[in-house]
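Letters go in sequence order (proteins before strands), and every chain restarts at 1.
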There are 2 protein chains.
Amino acid sequence: MNAGTPPPRRMRADAHRNYQRLLTEAAAAFAEHGADFSLEAIARRAGVANGTLYGHFPTRRALLEALMGDRMRALAATGAELLTARSPFDGLVTWARAAMAHTTIYRGLGATLMQAVEDESSELHAACKAVLAAGEKLLARARTAGEVRPDVTAPDLYALINAAAWAGEQSSPPQGERLLTFGLNGFRTSATDQALPLPKLTPAPK
Amino acid sequence: MNAGTPPPRRMRADAHRNYQRLLTEAAAAFAEHGADFSLEAIARRAGVANGTLYGHFPTRRALLEALMGDRMRALAATGAELLTARSPFDGLVTWARAAMAHTTIYRGLGATLMQAVEDESSELHAACKAVLAAGEKLLARARTAGEVRPDVTAPDLYALINAAAWAGEQSSPPQGERLLTFGLNGFRTSATDQALPLPKLTPAPK
DNA sequence: ACCTGAACACCGTTCAAGT
DNA sequence: ACCTGAACACCGTTCAAGT
């Protein structure tokens with residue numbers, strides 16, 4: 001039932017009940033209205049005071065982690081399984097599509113995931129890093145097989161997945177899938193013929 | 001000085017002064033804090049009441065149109081000029097990069113541009129359509145030259161530009177440029193060898 | 001014709017006071 | 001140990017009243 005990191009052990013009974021109600025309402029509200037939905041309204045719907053919400057989840061990210069942490073770790077595990085796919089590139093593609101579908105569960109989630117992977121203080125940081133690492137392994141295998149350009153990085157893959165999810169939210173889901181497809185095709189070695197020079201990633205400016 | 005669609009003709013002198021002050025403050029605030037910056041604060045900085053801002057610009061989009069309309073039409077004109085580039089694909093790439101740089105002037109602008117191109121009631125709709133049409137012409141030329149896959153559409157290009165700009169804002173500008181590059185390489189005919197099947201764009205669901 | 005500023009209905013976040 | 005609800009500092013948008 002609980003989809004994320006477990007709450008502190010041995011909560012008082014009423015605290016546990018409030019915790020669960022908040023999670024349930026947040027999941028419904030985020031699914032319907034996006035990950036930016038009012039925390040105040042979520043507390044209201046759960047029948048608790050706003051201070052209670054902040055007591056359990058000090059930030060919006062903490063709430064999202066409780067909701068999605070397990071799902072993200074499952075996504076990373078799926079990536080590990082796909083390392084045995086017959087074609088390394090197909091495995092990469094299958095996983096990238098699953099990752100994009102995951103980003104789409106709550107509208108507006110992509111921005112949070114992009115920031116969390118670079119922000120160590122984010123409650124979602126660990127989960128995002130696990131997803132990034134899973135992508136890196138799939139990428140490395142496809143690279144070794146010569147199916148993917150040698151200069152494609154895990155952050156490239158991570159950014160593509162989230163950006164395509166974003167585009168799908170802005171216009172239509174198929175548009176997002178098309179963007180993901182073009183990007184993945186751009187990763188391929190065959191695209192290296194006459195390929196454009198690739199801007200180099202400098203370490204984060206600040 | 002005025003960077004967009006001209007204000008209604010023959011404004012009263014004080015009205016004209018307020019109009020200009022609002023534009024100036026908005027440009028500075030959006031550049032520094034992004035396109036979602038508080039309109040209330042902009043009015044305050046301009047030294048006018050919030051009602052005055054709404055009197056001149058009934059929506060945030062109207063304000064953005066006044067700030068960026070000319071710039072977007074100039075971008076479309078640049079696209080027309082690039083139709084004479086020696087290599088059709090190079091012309092496309094040069095323009096796409098300019099378009100992405102344009103999207104980056106105010107943080108968060110990409111979402112507005114993505115929505116406005118599909119929303120006829122948006123004050124930015126006409127300008128976005130002009131940009132889309134410019135992209136379509138460059139794409140058509142590259143398609144005819146056999147340099148680009150026949151199934152790449154203008155909305156694909158438009159979405160790629162905005163999504164790459166978004167990704168650049170979330171992590172770093174070079175990451176955005178890398179994404180644009182991968183996407184454009186994915187557009188190429190050479191990427192069609194063993195290429196992934198492309199999801200079809202269904203007309204907007206509603 | 002245009003401007004003002006209050007009014008209304010919201011936010012996120014903190015924290016003293018309760019039980 | 002946890003909850004409540006008010007307090008504070010904000011929003012966007014509308015509109016009666018002024019000049």
Side-chain angles (χ1 to χ4, degrees), chain A residues 6-26 29-30 32-67 106-108 111-112 115 119 121-124, chain B residues 6-26 29-30 32-67 106-108 111-112 115 119 121-124:
Chain A
R9 32 174 65 249
R10 298 265 206 113
M11 291 174 79
R12 225 167 58 182
D14 59 339
H16 183 258
R17 209 181 54 106
N18 285 340
Y19 182 92
Q20 292 299 344
R21 290 182 72 126
L22 284 166
L23 277 188
T24 303
E25 288 303 324
F30 288 166
E32 192 175 0
H33 299 103
D36 295 323
F37 190 76
S38 161
L39 296 182
E40 182 130 359
I42 289 171
R44 220 151 41 215
R45 291 174 181 211
V48 304
N50 51 4
T52 303
L53 190 154
Y54 283 91
H56 286 294
F57 309 103
T59 66
R60 185 181 295 273
R61 292 184 309 262
L63 182 50
L64 285 169
E65 208 286 334
L67 287 171
Y106 303 143
R107 213 167 338 120
T112 302
Q115 287 155 13
D119 178 7
S121 73
S122 168
E123 294 87 345
L124 281 160
Chain B
R9 31 175 66 248
R10 299 267 206 112
M11 291 173 80
R12 225 167 59 181
D14 59 338
H16 183 258
R17 208 182 55 106
N18 285 339
Y19 182 93
Q20 292 298 345
R21 291 182 71 126
L22 283 166
L23 277 187
T24 303
E25 288 303 325
F30 287 165
E32 193 175 359
H33 300 103
D36 296 321
F37 189 75
S38 162
L39 297 182
E40 183 129 0
I42 288 171
R44 220 152 40 216
R45 292 175 180 208
V48 304
N50 51 3
T52 303
L53 189 156
Y54 283 92
H56 286 295
F57 308 103
T59 67
R60 185 181 293 273
R61 292 184 308 263
L63 182 49
L64 285 169
E65 209 285 334
L67 286 172
Y106 303 143
R107 214 168 339 119
T112 301
Q115 287 155 12
D119 177 7
S121 73
S122 168
E123 293 87 344
L124 280 161

*Quick one: is B/His16 getting a side-chain N or O under 4.0 Å of the C/dC2 phosphate, OP1 or OP2?*
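The answer is no; no side-chain N or O of B/His16 sits under 4.0 Å from OP1 or OP2.
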
*Can you find a donor-acceptor N/O pair under 3.5 angstrom joining the side chain of A/Asn50 to the base of C/dT13?*
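Under the 3.5 Å cut-off, the side chain and the base do form a donor-acceptor pair.
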
_Flag side-chain contact, heavy atom, 4.5 Å: B/Ile42 against B/Arg45_ =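 B/Ile42 vs B/Arg45: side chains apart.
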
_In the structure I gave you, are the side-chain heavy atoms of A/Leu64 and A/Tyr106 within less than 4.5 Å of one another anywhere?_
yes

*Across all strands shown, which nucleotide pairs with D/dG5 by Watson-Crick or G-U wobble geometry, both distances under 3.5 Å?*
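C/dC15 - that is the nucleotide pairing with D/dG5, both distances being under 3.5 Å.
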
*For DNA chain C, whose closest nucleotide is more 5', that of A/Leu39 or that of A/Thr52?*
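Going by which nucleotide is closer to the 5' end, it is A/Leu39.
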
*For D/dC10, does OP1 or OP2 lie under 4.0 Å from any side-chain N or O of B/Arg44?*
no

*asked:* Which is more 5' along DNA chain D, the nucleotide nearest B/Gly51 or the one nearest A/Glu40? Just name the residue.
replied: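 Here A/Glu40 is the residue nearer the 5' end.
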
*Protein-nucleotide distance (B/His56, atom NE2; D/dT13, atom C1'), rounded to Å*: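 Rounded to whole Å, this separation is 17 Å.
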
*In terms of the nearest nucleotide of DNA chain C, which residue is placed more toward the 5' end: B/Val48 or A/Tyr54?*
B/Val48

*Pair partner, D/dC10 [Watson-Crick or wobble, under 3.5 Å]*: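 With both distances under 3.5 Å required, D/dC10 matches none.
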
*B/Ser38 near the nucleic acid: base, sugar-phosphate alone, or nothing, with a heavy-atom cut-off under 4.0 Å?*
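Sugar-phosphate, backbone atoms only, no base.
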
*Roughly how many Å is it from CD1 in B/Ile42 to C1' in D/dC10, rounded to a whole number?*
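Checked: the CD1 to C1' distance equals 15 Å.
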
*Contact check, side chains of B/Arg21 and B/Arg17, non-hydrogen atoms, under 4.5 Å*: yes

*Could you check how far CD of A/Gln20 sits from C1' of D/dC3, rounded to whole Å?*
17 Å

*At under 4.0 Å, does any side-chain N or O of A/Asn18 touch on OP1 or OP2 of D/dC2?*
no

_Does any part of the side chain of A/Asn18, heavy atoms only, come nearer than 4.5 Å to the side chain of A/Leu53, both counted from C-beta?_
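Not in contact.
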
_Just to be sure I understand the rule, does B/Arg17 reach a base, reach only the sugar-phosphate, or reach nothing, if contact means heavy atoms closer than 4.0 Å?_
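Nothing, no nucleic acid heavy atom in range.
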
*Whole-Å distance between D/dC3 P and A/Tyr19 OH?*
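After rounding, the gap between these two atoms is 12 Å.
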
_Nearest whole Å is fine: how far is D/dC2 P from A/Phe57 CZ?_
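Taking atom P of D/dC2 as the reference, CZ of A/Phe57 is at 13 Å.
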
_Check: A/Ala35 main-chain N/O paired with A/Arg60 side-chain donor or acceptor under 3.5 Å_ =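 Pair found, side chain donor or acceptor close to backbone of A/Ala35.
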
*Distance in angstrom units between B/Leu53 CG and C/dT4 C1', rounded*: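 Rounded to the whole Å, the gap is 14 Å.
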
*What nucleic acid atoms does B/Gly55 come within less than 4.0 Å of, heavy atoms only: base, sugar-phosphate, or nothing?*
nothing

*Between D/dG12 (P) and B/Arg61 (CZ): distance, integer Å*: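 Going from CZ in B/Arg61 over to P in D/dG12 covers 14 Å.
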
